[in-house]
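Report on the structure given below.
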Amino acid sequence: MDDFFEMVYEVVRLVPYGRVTSYGAIARYLGTGQSARMVGWAMNKASNSVPAHRVVNSAGLLTGKHHFGPGSVMQELLENEGIRVEDDQIVEFEKLFWDPSRELEIDDFD
DNA sequence: GGTCTGACTAAAT
DNA sequence: GATTTAGCCAGAC
């Protein structure tokens, strides 16, 4: 099952700079369906090499910011990438949302 | 080895 | 429309 975590890490690493995605989107892309919790659990085990701060819940809320450490570390990381965060919620989330099952499959976008 | 929990999500109430 | 319930699966106790 480590492969599952590895896949999660890889997808998260594929998230472009200044973009965000959701646990459910990753789970769906991996074919795990509704098991979005496992993605979050994978993040818990994830190393600092994984930009987990770009992963939020379906509402664009920084639900896991507390796991990064004290204060608003996650929010600062996002703002550092040009992502506006307001009250633990990503501003224009739908614009910044990056869906792997969409962005990675559509190759002939023309 | 059964039970609880969790960085989620969608549907029902 | 906010709160609750249920489904999800892997790890901790």
Side-chain angles (χ1 to χ4, degrees):
Chain A
M1 287 304 156
D2 288 326
D3 291 333
F4 170 74
F5 284 12
E6 289 299 321
M7 286 193 295
V8 174
Y9 302 152
E10 187 166 325
V11 174
V12 175
R13 290 196 196 102
L14 288 175
V15 178
Y17 181 91
R19 292 290 205 100
V20 293
T21 189
S22 69
Y23 304 95
I26 297 173
R28 206 173 303 122
Y29 175 70
L30 295 179
T32 45
Q34 307 285 54
S35 52
R37 292 180 163 188
M38 298 301 93
V39 180
W41 195 255
M43 292 296 97
N44 194 356
K45 268 184 54 187
S47 349
N48 40 344
S49 306
V50 182
H53 59 274
R54 295 187 187 144
V55 186
V56 295
N57 70 349
S58 62
L61 256 169
L62 280 55
T63 51
K65 71 164 194 171
H66 193 73
H67 288 259
F68 277 82
S72 308
V73 182
M74 184 176 183
Q75 179 172 338
E76 290 180 22
L77 287 170
L78 290 170
E79 290 182 332
N80 188 34
E81 299 191 357
I83 300 175
R84 284 170 291 173
V85 180
E86 197 171 299
D87 192 35
D88 296 342
Q89 182 174 335
I90 295 179
V91 182
E92 298 181 301
F93 171 63
E94 50 184 273
K95 287 185 181 178
L96 301 173
F97 182 59
W98 181 83
D99 191 348
S101 63
R102 191 191 314 173
E103 304 292 326
L104 295 180
E105 289 215 36
I106 299 180
D107 195 48
D108 53 276
F109 181 79
D110 186 36

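Only a predicted model underlies this, so the values are computations on that prediction, with no experimental measurement involved. Convention: sequence-line order gives letters A, B, ...; per-chain numbering from 1.
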Exercise. How close or far is atom P of dC4(B) from atom CH2 of Trp41(A), stated in whole angstroms?
Worked result: 16 Å
Problem set entry | Near-strand residues of residues 46-58 of chain A, defined as heavy-atom separation under 4.0 angstrom from DNA chain B | Ala52(A), Asn57(A), Ser58(A)
Review item, side-chain donor-acceptor pairs of residues 46-62 of chain A, under 3.5 Å, at least two apart:
unit_1   : atom_1 : unit_2   : atom_2 : d
His53(A) : NE2    : Glu81(A) : OE2    : 2.9
Arg54(A) : NE     : Glu81(A) : OE1    : 2.9
Arg54(A) : NE     : Glu81(A) : OE2    : 3.1
Arg54(A) : NH1    : Val15(A) : O      : 2.8
Arg54(A) : NH2    : Glu81(A) : OE2    : 2.9
Asn57(A) : OD1    : Ala59(A) : N      : 3.3
Asn57(A) : OD1    : Gly60(A) : N      : 3.1
Asn57(A) : OD1    : Leu61(A) : N      : 2.6

For this session: Report the nucleotide, chosen from dA7(B), dT9(B), dC9(C), that has the shortest atom-to-atom distance to any side-chain atom of Ser22(A).
Result: dT9(B)
For this session: Indicate yes or no: at least one non-hydrogen side-chain atom of Pro100(A) is less than 4.5 angstrom from one of Leu14(A).
Result: no
Exercise. Between Met38(A) (CE) and dC8(C) (P), how many Å, whole number?
Worked result: 12 Å
Problem set entry | Residues forming a side-chain contact (heavy atoms from CB on, under 4.5 Å) with Leu96(A), sequence neighbours excluded | Val20(A), Ile83(A), Ile90(A)
For this session: For Glu10(A), enumerate each residue passing the salt bridge (charged side-chain N to carboxylate O under 4.0 Å, His left out) test, keeping only those at least two apart in sequence or located in another chain.
Result: none
Exercise. Who are the side-chain hydrogen bond (donor to acceptor under 3.5 Å, both in side chains) partners of Thr63(A), not counting sequence neighbours?
Worked result: none
For this session: In whole angstrom, give the distance that lies between atom OH of Tyr9(A) and atom C1' of dA7(B).
Result: 12 Å
Problem set entry | Atom-pair distance (CZ on Phe5(A); P on dA10(C)), nearest Å | 9 Å
Problem set entry | Sequence neighbours excluded - ring pair (Phe, Tyr, Trp, His ring centres under 6.0 Å) pairs with any residue from residues 65-96 of chain A | Phe93(A)-Phe97(A)
Exercise. Side chains of Met43(A) and Val12(A): does their closest heavy-atom pair fall under 4.5 Å?
Worked result: yes
Problem set entry | Between C1' of dC8(C) and CD1 of Ile26(A), the distance in whole Å | 16 Å
Look for any protein N or O under 3.5 Å of an N or O in nucleotides 3-7 of chain C and output each such pair with its distance, or none.
unit_1 : atom_1 : unit_2   : atom_2 : d
dG7(C) : O6     : Arg37(A) : NH2    : 2.5

Problem set entry | Partner set under side-chain hydrogen bond (donor to acceptor under 3.5 Å, both in side chains) for Asp88(A), not counting sequence neighbours | Lys65(A)
Problem set entry | Proximity to DNA chain B (any heavy atom under 4.0 Å), residues of residues 67-77 of chain A only | His67(A), Phe68(A)
For this session: Using whole Å, report how far CG of Leu30(A) lies from C1' of dT9(B).
Result: 16 Å
Exercise. Quick one: Lys65(A) NZ to dA7(B) P, roughly how many Å, whole number?
Worked result: 14 Å
Problem set entry | Gap between atoms NZ and P, on Lys45(A) and dC9(C) respectively (whole Å) | 18 Å
For this session: May I ask you to decide if Trp41(A)'s main-chain N or O and Tyr23(A)'s side chain share a donor-acceptor pair within less than 3.5 Å?
Result: no
